[in-house]
Amino acid sequence: MKMETCPAIPPASNSAYLQKFRLYETRSHLYMIGRDKSRNFWKVLKIDRSDLSELNILEDPTSYSEIECCDLLRRIHEGNKTIGGLKFVTVCYGIVGFIKFLGPYYMLVITQRRKIGAICGHSIYAIARSEMIPVPVQSNMTNSKNENRYKKLLCMVDLTRDFFFSYSYNVMHSLQKNLCNSETGRLHYETMFVWNEFLTRGIRQSLKNSTWTVALVHGFFKQVKLSVSGRDFKLTLISRRSRHYAGTRYLKRGINEKGRVANDVETEQIVFEDSPEGHSVQISSVVQNRGSIPLFWSQETSRLNIKPDIILSKKDKAYEATRLHFENLAKRYGNPIIILNLIKTHETKPRESILRAEFASAIRFLNMSLPKENRLRFLHWDLNKHSRRGTNVLSLLGRVAAYALNLTGIFYCEVSSSPRREGLPNDVCSKERHTIECDNSSESGPVINDLNNDDNKENKVKEPTLQKGVLRTNCIDCLDRTNVAQYAYGLAALGKQLDALGFVEFPNINLDNPLAENLMRLYELMGDTLARQYGGSAAHNKIFSERRGQWKAATQSQEFFRTLQRYYSNAYVDAQKQDAINIFLGYFQPQPGKPALWELDSDHHYNIGGRNPDLRVENARSLIKRSMSDGNLLFESESDSTETHTRVGQNLLLVDKQRGGDKGFSDSSPEISTCDSDLSYSRFNPSMTPKQLFEDIEEDQYESCPIYYDEHGDTSSCSNFLDLEWLSSSGNSCDEDPSDRSIAGLSSENLVNEARTEMSSAASDSGSSLLGSYRAGSSELGCNELVGYSQRFVHWVNDGVTMFH
């Protein structure tokens, strides 16, 4: 489809935005004076201090000159001389938001900032210092015990660590979305990556704009200058953590009923040439995603066991929440959705393998009702197993990444430098022409053409391309193993990005290339940052350390220390940290006479204690149940009946549950076409037919949706889009141990792996046990241990016959 070329990204002046503020006070009002960077105009905000229960904010519609603004302040001072006059409070760089506990409102402001990078002239900042200022002059609740405790709890969310913002660039969106989206103003705050959406909601609704606030993104931002073949370029790595179902490791697992998953992080890798000011800039970006396994599962925090048991809930048998999750991914990124699942397949005591089988079952169930071109592509690949056996996992993951990139493509655009007043590069394509369509005759994916630009024909400017689809990677925590896989994807993407920019002749970067080492350090730093946020310690980087040739004893010592650190944080710190996050995000709102946050039994406080007169929480403590990973406090309900129906032909399987409320993002998902690759594969045929393997599914369904196993037919590695014989043909993989071979069931009801002793010398994502390794039990389990399992499963355990399902 023909569309406009990329627009000009304006210079750094960005004169239309307020960037510096001064706060003044009288006994009755707070006055905030804001100006643009070029000192061309001044605006005034007035906040009433007399009302203790409501937030009253007025914006003066007049734009003042500097002299006029000084005269206005002088007149305010003269008018308030009898009650102390006008006093200067602080210089600030934006409002983070307003919050109320049990007493007055407080205003959170940025008092110091530091520049951490720039994207085509748009500065990106981190917070160096912030301040919480009470709005009313006096309140009886200001210094109460519970009020102070809530304030200390809020301060546990350290705004000076891992938060970033920009005045002129929508850093909550990817580069491609910024250049191809016409959303403006307050809509940006409602996205999943703006963490102060709740804190700014009051002022944005009152003023009908977001002029005075900054949108904070939580995650990771790092920009470095690199060079290849004597040419310099900037590489920016951004991770955006979702505010939905956000929290800490054991307190936020799996998925909630709205399809939101824990530890949901979007990672974007931006590459652009370091061009002189005034010249056009070539720029490219690639987006990938990580997130918890989209099932209802949990782990109870334990001070006695560093590896708590995994509890899998069977309440969503139709995988409605899983469907909503993948529907949302398709809405955000388009198709195909490629799933890289790195969790273990074989364990002495089944933990991860339980989720692995149920996840495979969910994908199979969803794909049954999807058009072939929109089916979820998956690869189940036990990274821990392959790395332990000496496999060059980075090389193999690199091949997977290259294949995924061929399916999704990358975003590339050449941006002109002519200035635009608005400063926002977010209306490249008009809304009518921005329907992303894919020409199936072209393997390169969708393109953007400028029909009216004759210079492009003369200078042979490359046509812009769009990324269509996304790679979604997960392990158990989506931290350590996931970060290794994301690095491999980033390295493969970097080669394609530099090739698009014309910096290299071939789109492949060898692992021994200095660029690979530089990128590894960036992803290692990102991995450590995200792991501290969610897991409480830096990431386990054993594979990176081994790649660098680090002394093995030093690596083991470092891994053991990080395991201890993560265990301590999970057992002793995370509960309070989760409470702080729930307060900051507005998932718990204190009310006088209601249970305090620390008095509740569960960490899942969504909407509980909110200022809703219809919400009854007088007996919340007795009614609250421990929910699994649904993200809500569960109250006793009179009916839990569910009516399910399937509508075929939608972008994703749609299964509506009539529960009297909106449980998802929308009733349907926009139709987004997919670019199919013309590559063909030699399919591996296991010794058993599909009908024998999966008796409950019609055979013709498998003919149209083949599953590829590794060369031994082992489901520790299986995929429905990638030929694993081709993947392992690099010669880096080891031969399979015949005793370590089975076809795992694709339903948790029929799941259990063969009991074998598995010794691991290094900590995995979940850490190594301080209380000793599990001992392998006998090959026959007692009857009391088999309660709740099917007779077929009991027969399999006792007789030792390989079970297929």
Side-chain angles (χ1 to χ4, degrees), residues 1-10 119-122 166 168-185 187-194 215 217 236 238 240 266-272 280-289 328-337 405 407-418 420 422-439 442 444-453 456 461-470 493 496-497 500-501 651 669-675:
M1 179 180 178
K2 304 293 185 181
M3 293 185 288
E4 288 183 348
T5 189
C6 296
I9 293 185
I119 299 177
C120 294
H122 297 268
S166 175
S168 58
Y169 181 79
N170 297 319
V171 73
M172 74 289 293
H173 297 313
S174 67
L175 178 69
Q176 177 172 315
K177 187 167 185 179
N178 273 324
L179 288 171
C180 298
N181 200 327
S182 59
E183 288 182 1
T184 57
L187 291 177
H188 297 300
Y189 281 78
E190 297 171 6
T191 63
M192 61 192 295
F193 300 119
V194 177
V217 179
T236 307
I238 307 173
R240 306 173 180 95
E266 176 185 273
T267 295
E268 182 178 21
Q269 181 174 292
I270 302 176
V271 175
F272 59 92
S280 61
V281 177
Q282 293 186 89
I283 190 166
S284 173
S285 78
V286 170
V287 172
Q288 55 181 316
N289 176 267
N328 179 250
L329 283 180
K331 183 178 180 181
R332 284 155 53 191
Y333 304 112
N335 284 310
I337 304 299
L405 284 165
L407 292 176
T408 65
I410 66 172
F411 177 73
Y412 165 81
C413 184
E414 183 167 345
V415 182
S416 61
S417 59
S418 58
R420 292 167 61 234
E422 292 84 356
L424 281 173
N426 63 358
D427 58 350
V428 169
C429 317
S430 66
K431 200 164 187 180
E432 294 76 18
R433 285 182 288 178
H434 176 249
T435 303
I436 301 176
E437 294 187 357
C438 182
D439 182 2
S442 172
S444 62
V447 298
I448 310 173
N449 280 334
D450 182 8
L451 302 178
N452 302 318
N453 192 342
N456 284 355
V461 175
K462 294 181 182 178
E463 290 182 337
T465 61
L466 298 179
Q467 177 178 342
K468 191 65 170 53
V470 73
K496 287 187 173 290
Q497 289 176 293
L501 268 61
N651 183 49
S669 183
E671 296 183 1
I672 308 176
S673 59
T674 303
C675 294

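Sequential numbering from 1 along the given sequence is applied to the chain's residues. What you see below is based on every heavy atom in this structure, not just the backbone, and it leaves out hydrogens, waters and symmetry mates.
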message: Can you confirm whether the side chains of Q467 and Q176 place a donor and an acceptor under 3.5 Å from each other?
response: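 There is no such pair (donor and acceptor under 3.5 Å, judged by atom type) between the side chains of Q467 and Q176.
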message: Whether the E414 and S280 side chains hold a donor-acceptor pair (N or O, under 3.5 Å, no angle test) is what I'd like checked.
response: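 The answer is yes; a qualifying pair exists.
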What are the two closest non-hydrogen atoms of [X] and [Y], and how far apart are they?
| X | Y | result |
| --- | --- | --- |
| H122 | S168 | ND1-OG, 2.8 Å |
| C413 | P464 | CA-CB, 4.3 Å |
| A215 | M172 | CB-CE, 3.6 Å |

- request: Would you please test L501 and Y412 for side-chain contact (heavy atoms from CB on, under 4.5 Å) and show each step?
  value: CA-CA 8 Å; L501 268 61; Y412 165 81; 4.0 Å; yes
query: Can you check side-chain contact (heavy atoms from CB on, under 4.5 Å) on N289 and R332, steps first, answer last?
result: CA-CA 11 Å; N289 176 267; R332 284 155 53 191; 3.7 Å; yes
- request: Say whether, by atom type as modelled, one donor and one acceptor occur between the side chain of S284 and the main chain of V271 under 3.5 angstrom.
  value: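 Not a single qualifying donor-acceptor pair exists.
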- prompt: When you measure from the side chain of N170 to the backbone N and O of N178, does any donor-acceptor pair fall under 3.5 Å?
  reply: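 Judged by distance alone, no pair lies under 3.5 Å.
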query: Just wondering, do L405 and I410 contact through their side chains at under 4.5 Å, heavy atoms?
result: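 They are in side-chain contact.
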How long is the gap from [atom1] on [X] to [atom2] on [Y], to the nearest 0.5 Å?
| X | Y | atom1 | atom2 | value |
| --- | --- | --- | --- | --- |
| Q269 | T236 | CD | OG1 | 9.5 Å |
| L466 | C180 | CG | SG | 5.0 Å |
| I238 | T267 | CD1 | OG1 | 10.0 Å |
| I270 | I119 | CD1 | CD1 | 4.0 Å |
| L407 | I337 | CG | CD1 | 11.5 Å |
| H188 | H173 | NE2 | NE2 | 5.0 Å |

query: Would C120 and I283 satisfy side-chain contact (heavy atoms from CB on, under 4.5 Å), going step by step from the backbone distance to the final call?
result: CA-CA 9 Å; C120 294; I283 190 166; 3.7 Å; yes
- prompt: Who pairs with E266 by side chain to side chain donor-acceptor pair (under 3.5 Å), at least two apart in sequence or on another chain?
  reply: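 If we apply the side chain to side chain donor-acceptor pair (under 3.5 Å) test to E266, skipping adjacent residues, the hits are R240, Y333.
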message: Just to verify, what does S166 make a side chain to side chain donor-acceptor pair (under 3.5 Å) with, not counting sequence neighbours?
response: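 With sequence neighbours excluded, S166 shows a side chain to side chain donor-acceptor pair (under 3.5 Å) to no residue whatsoever.
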